[in-house]
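Notes to accompany the following structure.
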Amino acid sequence: MPIPLDTRIELVESTADCNRLLDWLERPRPVLACDTETTGLNPHTGDKLRLVQFGDATAGWVIPWFQWGGLAVEVLERWHGRRMAFHNSPFDISFIENECDYRFDWSMVDDTRAMIHVLDSTRSTALKMVGSRLIDPRASAGEMLLKNAMGVGKWTFATVPVKLPEYWAYAGVDPVLTYYLREDLLPKLLEANAMNAYQLEVACARVIASMQRTGMRVDLPYCDQMNTKLLAYGEELQAWAADRYSCRNLGSNAACIRALELEGIVLEKRTKSGKQYALDEDVLLGIDHPLSRAIHRFRKSQKLASSYFQNLLEYAVQGVVHPSINQMGARTGRMSIQRPALQTLPKTSRTVRDAFIPREGHLLYSLDCQAIEMRLLAHFAGEPSMIRAIREGKDLHTFTAQLAYGVDVPTKGQRQIAKHTGFARIYGAGTAKLSLTAGVPLDVAREFQHRYDDLFPGVRGFISRVTQVGMSRKAELGYAYVQTPLGRVQRADPGKEYALVNYLIQGTAAEVMKRQLVDLAADPDLERGLLLTVHDEILLEVSAEDPERRAELANRARVIMEDRTNFHIPIEVECSEPLTRWGDVLGVPADLVQEVNSAFYTDDEQPDSPI
DNA sequence: GTCGCTTGCCAC
DNA sequence: AAACGTGGCAAGCGAC
């Protein structure tokens with residue numbers, strides 16, 4: 001095993017150093033590794049490049065961007081057309097492209113973070129951690145030294161002096177580690193049959209970078225207005241509760257529990273850890289008392305204000321939020337989005353989604369994969385009746401309820417239990433959990449599960465096959481895993497082999513989504529309009545000027561996303577009407593929201609909700 | 001003051 | 001036999 005930490009690390013401080021670096025660049029190597037150090041995490045919200053590093057097996061070069069940025073660009077231009085390796089390419093490439101005119105050739109990019117994540121997503125993908133594991137155990141030592149030095153000097157990544165040896169030496173090791181990691185991981189990808197999954201990740205990376213750069217336009221005055229209203233409402237509720245029930249802080253569960261107990265309310269449910277009485281939404285709604293309702297309303301308004309509107313106000317730059325999209329956010333290959341968390345905006349009311357608006361002269365479209373996880377379940381299970389029903393365009397939950405109850409038109413309740421049972425299968429839930437989430441007695445849940453298994457024996461067979469395969473691999477290799485169609489390795493935690501079913505379905509759905517992004521982005525008209533993905537939904541922005549053209553673009557996107565060849569079931573996509581606000585997709589007229597929300601509680605002398 | 005844990009809640 | 005999966009985020013609160 002090579003020991004990259006003994007490799008020469010050099011800081012560029014003079015024109016002589018520049019020349020030595022350019023000489024070094026002439027040497028033959030299969031790939032040039034590159035990394036950056038920055039002041040923060042988001043190039044679109046003001047964070048800047050500090051260092052650009054290049055490396056191979058022989059050396060790591062550290063270029064202070066402020067003084068010697070031109071040299072970094074010179075290196076990139078001279079190397080252009082040849083392979084480059086990064087560890088988390090969208091990050092470094094976005095930072096560099098944000099501060100100069102050089103444009104990377106994404107088809108030449110290798111990404112070691114994508115490699116490791118496709119092979120094992122259960123462990124840290126941080127470069128130093130992976131480096132210590134696979135290349136040199138001392139790889140994380142430099143990080144500790146830097147951390148100590150930064151603590152002593154009270155520095156952050158934005159302020160630590162470039163010439164501090166702990167800083168630039170730490171930085172210079174990274175491209176060398178990346179270089180060795182690529183060498184280590186490429187054969188492993190081949191061996192594991194995971195190359196297709198990796199290549200999809202690499203192809204997707206540029207789309208992610210593009211979406212981050214584009215960002216989403218936000219109606220700031222609206223956010224500000226909503227935030228102010230909600231905060232004022234919270235204050236009113238606080239004052240009301242303090243006055244009537246001496247409950248000083250509606251945000252403190254301990255204080256609320258004390259106040260409720262003083263009112264003679266007896267709590268029973270415990271929290272998950274069992275340490276305290278639970279006071280969650282379920283408990284609150286089960287208590288018929290004005291204070292309980294006030295706590296509930298306070299929570300809701302707090303949540304809307306602090307998790308959503310305040311974040312939008314905080315993260316917007318010139319009216320646009322550029323969230324951080326983590327392409328490999330979840331172990332299954334799903335993406336996650338933060339600062340702000342645009343994948344978790346409430347759907348119960350349109351209030352928050354109404355904050356998102358298209359750019360001037362544009363409209364939004366929401367493209368949604370229809371019931372993709374249920375469809376993939378049918379695909380993997382090879383369940384003929386399910387597959388037929390899907391092909392015939394039937395709603396799967398209604399179909400299931402029809403079969404299970406022998407009726408043409410199932411009741412809402414019958415469809416509901418069918419739906420919950422389907423999802424319980426996808427998630428690996430047992431009878432108890434199903435009974436809880438579907439809100440039916442244990443025996444009803446059990447009875448329906450039995451009917452479900454009788455109706456769809458393929459599903460049961462699929463689940464036991466997956467678990468079986470996982471277990472036998474565990475016996476052989478020490479860990480249970482399955483692979484998605486493109487080869488992504490999905491490992492189970494010990495004792496949780498049942499979760500492999502979910503990982504396979506969720507991971508495959510994630511692959512479908514990434515494939516869709518890549519295919520959409522291949523069309524320049526559509527790439528510009530890609531704004532966001534929410535697991536099975538893509539938000540697209542299209543010029544509004546010509547109604548025919550915009551409808552054509554939206555339909556083009558829909559057709560590109562659909563897949564009728566790779567699975568036993570069609571992946572079908574529904575396209576929304578053109579939207580002037582994201583909230584339009586929820587269908588509820590905006591002016592009704594106020595009424596609906598404030599009609600919740602009518603009997604208490606509490607302040608009225610502003611929304 | 002910061003950090004980490006707990007609790008709760010938003011989405012798919 | 002039975003086992004719900006993946007995330008992000010805010011506030012309270014005790015420890016340092």
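Source: prediction; values computed, not measured. Chain identifiers are assigned alphabetically (A, B, ...) following the order of the sequence lines, protein sequences preceding nucleic acid strands; residue numbering begins at 1 within each chain.
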Below the 4.0 Å mark, does [N] have OP1 or OP2 next to a side-chain nitrogen or oxygen of [X]?
X      : N      : answer
A:K275 : B:dT6  : yes
A:S273 : B:dT6  : no
A:T344 : C:dG7  : no
A:Q338 : C:dC9  : yes
A:N311 : C:dA10 : yes
A:K496 : C:dG5  : yes
A:N253 : B:dT6  : no

Just to be sure I understand the rule, does [X] reach a base, reach only the sugar-phosphate, or reach nothing, if contact means heavy atoms closer than 4.0 Å?
X      : answer
A:N249 : sugar-phosphate
A:K347 : sugar-phosphate
A:E281 : sugar-phosphate
A:A278 : sugar-phosphate
A:R425 : nothing
A:A341 : sugar-phosphate
A:Q506 : base

Where the side chain of [X] is concerned, which of [options] is the nearest nucleotide?
X      : options              : result
A:S306 : C:dA10, B:dT6, C:dA3 : C:dA10
A:A254 : C:dC9, C:dC13, B:dT7 : C:dC13
A:Q302 : C:dC9, C:dA11, B:dG8 : C:dA11
A:V534 : B:dC12, B:dC9, C:dG5 : B:dC12
A:L279 : C:dC4, B:dG8, C:dC9  : B:dG8

Please give, in whole Å, the distance from [N] [atom2] to [X] [atom1]?
X      : N      : atom1 : atom2 : result
A:H296 : B:dC10 : NE2   : C1'   : 13 Å
A:Y427 : C:dG7  : OH    : C1'   : 12 Å
A:I337 : C:dG7  : CD1   : P     : 14 Å
A:H450 : C:dA1  : NE2   : C1'   : 11 Å
A:R353 : B:dC10 : CZ    : P     : 13 Å
A:L377 : C:dC4  : CG    : C1'   : 14 Å
A:I505 : C:dT6  : CD1   : P     : 14 Å
A:I538 : B:dC12 : CD1   : C1'   : 14 Å

- Is the count of non-hydrogen atoms from other residues, nucleotides or ligands lying under 6.0 Å from A:E261 atom CD greater than 12?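 Yes - once you tally the heavy atoms of other residues, nucleotides and ligands closer than 6.0 Å, there are more than 12.
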- Could you tell me the separation between the CG atom of A:L267 and the CD1 atom of A:I257, rounded to the nearest 0.5 Å?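 Atom-to-atom, A:L267:CG and A:I257:CD1 are 6.0 Å apart.
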- Task: Identify the residue among A:K300, A:R299, A:K269 that makes a salt bridge (charged side-chain N to carboxylate O under 4.0 Å, His left out) with A:E281.
- Result: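 Output: one option passes, namely A:K300.
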- Item | A:K303 (side chain) and B:dC10 (base): donor-acceptor pair under 3.5 Å |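 By the distance-only test, no, there is no pair.
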- Check whether the side chain of A:R334 and the base of B:dC12 form a donor-acceptor pair under 3.5 Å.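 In this structure, the two groups form a donor-acceptor pair.
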- Query: Below 4.0 angstrom, N of the basic side chain to O of the carboxylate: do A:R581 and A:D219 qualify?
  - Reply: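 Salt bridge present between A:R581 and A:D219.
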- Item | SB check A:R515 A:E511 (cutoff 4.0 Å) |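 No, no charged N to carboxylate O under 4.0 Å.
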- Item | Distance between P atoms of B:dA11 and C:dC4 (Å, rounded) |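 One P to the other, the span is 22 Å.
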- Message: Applying side chain to side chain donor-acceptor pair (under 3.5 Å), can you list everything that pairs with A:D536, at least two apart in sequence or on another chain?
- Response: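 Partners of A:D536 under the side chain to side chain donor-acceptor pair (under 3.5 Å) test: none.
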- Query: Does A:Y308 or A:T437 map to a spot on DNA chain C nearer the 5' end, using the closest nucleotide for each?
  - Reply: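 The residue whose closest nucleotide sits nearer the 5' end is A:T437.
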- Query: Under 6.0 Å between the ring centres of A:Y427 and A:H420?
  - Reply: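 That pair fails the under 6.0 Å test.
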- Would A:Y498 pass as stacked on C:dA3, i.e. its ring centre under 5.5 Å from the base's six-membered ring centre and planes under 30° apart?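 By the stated criterion, A:Y498 and C:dA3 do not stack.
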